[in-house]
Amino acid sequence: MEIITKIIGNVDDVKDIEQHHVETIFIENDALSKPIQRLKSDHGNEYGLRIDRKDLPLHDGDIIKNDGHNIVMLHTRSKEMIVITPKDIDEMGRIAHLLGNTHKPVKVENGKIILDRDPVVEKILGHNDIQYELKEMTLSEPLKFADLSYD
């Protein structure tokens, strides 16, 4: 098993991707924040990942190997997510307060709150008349917990 210690780049930056043979490793979104992993590609090859924490998180499309012809890349599996689009800043505040109490990791992007599907969260949202949708998504980076560090 080959041990990988650094990310080479991202497939989005490869101009001539069609000229390469691409081997894909499918990973879960929460694995994007793990520095040590054992991975298996769609070709059956095994790789050990030992990335320095300062180089995290990993991203969808990260390249772990490129020999000029063959590329081995990470691809985040899609999954069903809760997507909330608050109507206004007051509703955003209410939702942030409710979700903060659940201690779930989220992503806030373009006025939307995205988090893993969870029946408890769905019940809380329904009980508080907050509209949401369930959507199959592939995230480019992991969901995050609130950062409470005081540097």
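For Glu23 and Asn45, the side-chain atoms include at least one donor-acceptor pair closer than 3.5 Å. For the residue pair Asp13 / Asn10, no side-chain donor-acceptor distance below 3.5 Å is found, with atom types taken as modelled. For the 3.5 Å distance criterion, the side chains of Tyr47 and Gln37 fail to qualify, holding no donor opposite an acceptor.
Side-chain atoms of Arg38 and Glu46, non-hydrogen and from C-beta on, do get closer than 4.5 Å to each other.
Proximity of the aromatic rings of His43 and His21 is defined here by a centroid distance below 6.0 angstrom, and this criterion is met.
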Practice item. I would like to know whether Lys104 and Asp116 meet salt bridge (charged side-chain N to carboxylate O under 4.0 Å, His left out); could you show each step before the answer? Key: CA-CA 8 Å; Lys104 303 287 183 192; Asp116 284 330; over 6 Å; no
Practice item. Kindly determine whether Ser33 and Arg53 satisfy side chain to side chain contact (heavy atoms under 4.5 Å, CB included), including the steps that lead there. Key: CA-CA 9 Å; Ser33 59; Arg53 286 195 178 279; over 6 Å; no
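At distances below 3.5 Å, not a single donor-acceptor pair connects side-chain atoms of Asp30 with backbone N or O atoms of Pro142. With hydrogens and angles disregarded, no donor-acceptor distance shorter than 3.5 Å links the side chain of Asp62 to the backbone of Leu74. Under a 3.5 Å cut-off, the side chain of Arg50 and the backbone N or O of Lys6 do not form any donor-acceptor pair. Side-chain atoms of Asp52 never come within 3.5 Å of backbone atoms of Asp55 as a donor-acceptor pair (strictly under, hydrogens ignored). Although no hydrogens or angles enter the test, the distance criterion places no donor-acceptor pair under 3.5 Å between the side chain of Asn70 and the main chain of Asp67. Of the possible polar contacts, one joining the Asp60 side chain to the Thr76 backbone as a donor-acceptor pair under 3.5 Å is found. A donor-acceptor pair is defined here as one N or O able to donate and one able to accept, closer than 3.5 Å; no such pair exists between the side chain of Asp16 and the backbone of Gln19.
Within a 6.0 Å radius of CD in Gln131, other residues, nucleotides and ligands contribute 12 heavy atoms or fewer. The environment of Ile89 atom CD1 is sparse: at most 12 non-hydrogen atoms of other residues, nucleotides or ligands sit within 6.0 angstrom.
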